[in-house]
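Throughout, a chain's letter reflects where its sequence line sits, starting with A, and its residues are numbered from 1.
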Amino acid sequence: MEAGKITPRAQDYAQWYQDVIKEGDLAQPAEVVKGCMVIKPHGYAIWEKIQKDLDRRFKATGHKNAYFPLLVPMSFIKKEAEHVEGFAPELAVVTHAGGKELDEPYVIRPTSETIIGHFFAQWIQSYRDLPLLINQWANVMRWELRTRMFLRTGEFLWQEGHTAHATHEECIEEVMRMLDVYGDFAETVMAMPVVKGRKTDWERFAGALSTFTIEAMMQDGKALQAGTSHDLGQNFGKAFGVKFQSKEGKEEFVWQTSWGVSTRLIGGLIMTHSDDNGLVLPPKLAPIHVVIVPIFKNDDERTKTLAAAEKIAAELRALRYSDEPLDVEIDRRDGMSPGQKYYHWERRGVPYRMEIGPKDLEKSSVALKRRDGGPKTFVPMADVAKQIPGLLEAYQNELLAKAKAFRDANSVKADSWDDLVKALDQNKFVYARWAGDAALAAKLKEIQATVRCMPLDAQADPGPCILTGKAAEKRVLIAKNY
RNA sequence: CGGGGCAUAGCUCAGCUUGGUAGAGCGUCUGGUUUGGGACCAGAAGGCCGCAGGUUCGAAUCCUGCUGCCCCGACCA
């Protein structure tokens, strides 16, 4: 009778997460390839929406797409000392090809700083070649010991921006610009509020001078690193000889950045909005905005309700939301009860469901129901279509407001270690003063927490460090994390 | 990679302790009746019981190895 039960969040959050993915038809474990996943059409459609929006933002900030090889010579990875140390444990290596052992193994890219560095060295000679602003949409592989769908898989899809600049100042500007792009995207498109901040030295990207992050709060109170932007300094420039002649005729190494977001965003999306009935999608990322369910008992009603559905669908498709045509689907399936169809689309997170049955035809109205609950509303058929974009926008805004309210309600300040531990036990975001002593990492590890970041918008709030009691100027964000 | 759990029909699972060659519910297909929050009746199809060995006259069941998934930990987007 009831297909596809979804475990309530309160009962088992991890199981709920998997149920939502399965019932929402987003993805499944690859099962014949360890740690990898198959992203199913509905899940991939969400990724395509993410890509489309981000790509537009990248282009708008002057970047151009390019593509570099999947395989990276092993020697490249080794050229930057910290980089190789950071990535060595998770490299997948190709040792044979064409039936022969290779002279030099290739690694399947875990990220592309090295191979891009190699080519940047060829492309850049003069300050006139700078800045060089490149982005790549690609798959990468990191051999993870523990995987979770979307959040951490052996292979994942992402974009990696790689830029080269003449000065460190320009480089830092770029790092912050792209962090802002990510932050704005997360909030306005994903409706997922984030804390922008700088990573501690021990959570820096391997090979970077500094790493900046956007951190989001999931419904279980854990933090998710949703995107990163790195100031690579001249580390890769030096390792790969990426040099340019300055205006003054001096030879200098370029300053580089890299920044990326991945399919992990979909995991964040799920854990920000979805509920015990399954997937909830913000309209801006929903592959289908409105599903129309015609209700009929016989051929005559079928013909009439479908005709009405077609008419409204056509009106809707002529409209736009968020610079894109509305995506509308009519569920024409026979032999399936309306109720069954409701569940079907609900689990897939479609923002609005429209019901058109004989009663509606009589009244020249339709029944509208928003995915996140509330009663059905009845809207005159004549103007329902033109109301939809506004309704979607309101829904989008409410999802963000709700997520923000949740995060704020679960964020606290702590001024003693006891309070910190107590708050972390309740899975809160905790803001505490810290004077910079690296010993904090180990101490937090004992309670499965980490410094997520040093928030960029932190106000001066001098006081004793929560760890050492030394004078600290600002608070950092501490939380459990994915 | 360590500890724990799991793997039987598309899905959820029973059968395993005490070996005898595979079941239920849901889903699917075919009719018919139905259809405003998971319909009903009748009939049917569907499984190398994760893979490979071993023990045995005989293995879903016992033993070993492997693979994959889930949870916890260590490591990480």
Which is true for A:L151 with a 4.0 Å heavy-atom rule: it touches a base, it touches only sugar-phosphate, or it touches nothing? base
Look at all strands and tell whether A:G86 reaches a base, only sugar-phosphate, or nothing, counting heavy atoms closer than 4.0 Å. nothing
P-based separation of B:A74 from B:C63 [nearest Å]: 33 Å
Checking all strands, does A:D360 fall into the base, sugar-phosphate, or nothing category for heavy-atom contacts under 4.0 angstrom? base
Is the shortest side-chain N/O distance from A:Q340 to OP1 or OP2 of B:G37 below 4.0 Å? no
What nucleic acid atoms does A:Q448 come within less than 4.0 Å of, heavy atoms only: base, sugar-phosphate, or nothing? sugar-phosphate
With distance as the sole criterion, do the side chain of A:E31 and the base of B:G50 form a donor-acceptor contact below 3.5 Å? no
Please state whether the phosphate of B:A77, meaning OP1 or OP2, lies under 4.0 angstrom from any side-chain nitrogen or oxygen of A:T228. no
Distance, C1' atom - from B:U28 to B:G36, rounded to whole angstrom: 26 Å
Just checking, any donor-acceptor pair under 3.5 angstrom between side chains of A:H230 and A:T211? yes
Rounded to the nearest angstrom, tell me the gap between atom CD in A:Q28 and atom P in B:G10. 13 Å
Quote, to the nearest angstrom, the P distance that separates B:G25 from B:C40. 13 Å
By the 4.0 Å heavy-atom rule, please label A:A30 as base, sugar-phosphate, or nothing. nothing
Counting heavy atoms from C-beta on, name the nucleotide in B:G36, B:U35, B:C69 closest to the side chain of A:K34. B:C69
Residue pair A:R353/A:W143 against RNA chain B: nearer the 5' end by closest nucleotide is A:R353
Please determine if A:K196 forms a cation-pi arrangement with A:F212, meaning its NZ or CZ atom is less than 6.0 Å from the six-membered ring centre and no more than 45° off the ring axis. no
With A:D19 via salt bridge (charged side-chain N to carboxylate O under 4.0 Å, His left out) - residues at least two apart: none
For the side chain of A:K445, starting at C-beta, report the closest nucleotide among B:G37, B:C75, B:U35. B:C75
If only side-chain N and O atoms of A:R148 are considered, is one of them under 4.0 Å from the OP1 or OP2 phosphate oxygen of B:C71? yes
Ignoring backbone atoms, establish whether A:K22 has a side-chain N or O less than 4.0 Å from OP1 or OP2 of B:U12. yes
Quantified in whole Å, what is the P atom distance between nucleotide B:A45 and nucleotide B:G10? 16 Å
B:A59 and B:G54, which share atom name P, separated by this distance in whole Å: 11 Å
Are A:R9 and A:W16 in a cation-pi contact, defined as NZ or CZ under 6.0 Å from the six-membered ring centre and within 45° of the axis? yes
If you draw the axis of the six-membered ring of A:Y342, does the NZ or CZ of A:R353 fall within 45° of it and under 6.0 Å from the ring centre? yes
